[in-house]
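Report on the structure given below.
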Protein chains: 2
Amino acid sequence: MLGRMRAVTIPEHGGPEVLTLAEVPDPVPGPDEIRVRVAHSALNRADTLQRMGGYPDPVQREFEIPGLEYAGTVEAVGERVTAWSVGDRVMGIESGACYAELVVTHERQALPVPAGLDLADAAAVPEVFLTAWDALVVQGGLTSGRWALVHAGASGVGTAGIQIAKAIGARIAVTCSTGKMQACSTLGADIVLERSPHDWAGELSGLVPGGVDVVLDVIGGEEADRNLRSVRRQGTIVQVGLMGGGTTSVNLGLLLTKRIHWVGTTLRMRPLEQKIAVCQRFIAEVLPLFEAGALHPVIDSRFPLDRVADAHRHMEADANIGKILLDLTGN
Amino acid sequence: MLGRMRAVTIPEHGGPEVLTLAEVPDPVPGPDEIRVRVAHSALNRADTLQRMGGYPDPVQREFEIPGLEYAGTVEAVGERVTAWSVGDRVMGIESGACYAELVVTHERQALPVPAGLDLADAAAVPEVFLTAWDALVVQGGLTSGRWALVHAGASGVGTAGIQIAKAIGARIAVTCSTGKMQACSTLGADIVLERSPHDWAGELSGLVPGGVDVVLDVIGGEEADRNLRSVRRQGTIVQVGLMGGGTTSVNLGLLLTKRIHWVGTTLRMRPLEQKIAVCQRFIAEVLPLFEAGALHPVIDSRFPLDRVADAHRHMEADANIGKILLDLTGN
């Protein structure tokens, strides 16, 4: 009965070489769901963690398929779906299974691809722009005039964060490696700091007296204590990742006396109703900024599906500026 | 021109013996302020820290006078004051200078003493009930049905927290030393756990599967990591103190994957408008619970002003259950 699609599976956990192209059963949409023929997916750090066995998909699936985002066209709709028709261009986030030719999603979790954005570029949007906007604006309360600090400024989330901050009239400082500082400036960052072990916190304190309003941190580790030093009184630190390590020593005296809000967040672990809520608000508040030309996906490179292991190696070499895409249109 | 009042001063920082009774100039109310003849003040941990030089009053004063709360009667009002008349019974929080016969405060920061509450007991209310309610309800979002965890259950903040949780239909677990467990049960705590180094977090996880909704922590130190283990997904940890130490090692992986909110807070460091806002909301939401008989100040002991050093020694011996009051009515 069921058709079969190509997907990247993880038969066992390990290095990039474990990623295996396979034929698996097509996913079947429920009555409120749509099925999308995926044009492109994109890599996220979570995918490499999942591949190594460290960050499992919260959804149990017959085959373990990585991939948190997609862009494509609606191929089938469930019987109660009203928002979409076959052929519509959509993009979105999932908890997994997007390195695949077909993705099934709730109709209210899918995002329309903004007019003027090529489908080949749209897969670079959902995860990093949702993450950066949710962290900076929704959870961090970033507004015009206020200061954000974003680590890994040249990463997918970093490049999205710089653009979002500038588009809403906020100011932004970023940290990154020496070789990526020019790219961050070109994107519009007001202050570009060399990352640790350079004492960026000391440098920043001279440039933004009183501290920044919100920190978006994907690093953790030794940056945690520097974040506490760098945020202003009653500021917010949004912890989005822990690429630099999770167990660390911190000075809670700063948390207390500055009345800091330190918030952990992931999109992936949220229940359906919370994902829908953030996606609907994103449609209203952020997608118009793409149509207005204020936001652009930053794309580092594209790999065909059968070179997915190379794509992972490229991400783990930490040399990318912006997103690494996976092309599913080839045969 | 100015009269002089008795107050406890800190001529130099150190042990309880540095506390010195002195005659200092009466404070003068501004146009929006009232002057209160203090009947009682009360001790807080912050006072002992301030005495040792570790937690300065954010307000610069001619004489360093400790004391964060008072109860008394209005003795004089500024020219624009409309809320109070001479003779009214008031209580309230200040950033310092309450170990004194006279206190000056903004008219909207003062709280009415609830009907039925003796002025001799009212000084045991403001700091701990405001702190516990603000932490649990305002910042922690505690509601009926939800679970709170409060450390130092027999402390002033702990005894207030237990009563507030029960009064709003919430459930509460506390930690305390062995000798204070019965007192916490009597006040209404649903679960009473022996404090660290006992593995209270392991015990609690068996009793509240999924974790508690909000943690009120005055300890910090080694409890920080146990708090992260004990709070549910999307729960809140409100850090109110660091009696157990401020620099500590924590597992940020739990902050991230459980999407925890970790919030530092103090009443003392807030600007005027924020203190007024929390006091006005407290008047509307909490003071009626005193008049209804659902909340009662828990008083450990009373010391006359000239025995203030003994009062500090008593607090530092960590043997009190509830508040230690300072009586300023004597001559």
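As a basis for the values below, the full set of heavy atoms in this structure was taken, side chains included, without hydrogen atoms, waters or symmetry mates. Note on naming: letters A, B, ... go to the chains in the order of the sequence lines (proteins, then strands), and numbering restarts at 1 for each one.
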task = Please flag which part of A:Val238 lies under 4.5 Å from any non-hydrogen atom of chain B: side chain, backbone, both or neither.
result =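 Neither part.
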
For each of B:Gln139, B:Arg233, B:Gln234, tally heavy-atom pairs with chain A at distances under 4.5 Å, and name the one with the top tally.
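Sorted descending by pairs with chain A, the first entry is B:Gln234.
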
Within residues 245-261 of chain B, which residues come under 4.5 Å of chain A, heavy atom to heavy atom?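 Result: B:Gly246, B:Thr247, B:Thr248, B:Ser249, B:Val250, B:Asn251, B:Leu252, B:Gly253, B:Leu255, B:Leu256, B:Thr257, B:Arg259, B:Ile260, B:His261.
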
**Message:** Surrounding CZ of B:Arg108 (heavy atoms of other residues, nucleotides or ligands, distance under 6.0 Å), is the total greater than 12?
**Reply:**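 No, CZ of B:Arg108 has 12 or fewer neighbouring heavy atoms, counting only those of other groups under 6.0 Å.
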
Checklist entry - For chain B, which residues from residues 267-286 of chain A lie under 4.5 Å away (heavy-atom distances)? => result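 Counting heavy atoms that sit under 4.5 Å from chain B, the residues of residues 267-286 of chain A involved are A:Met269, A:Arg270, A:Pro271, A:Gln274.
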
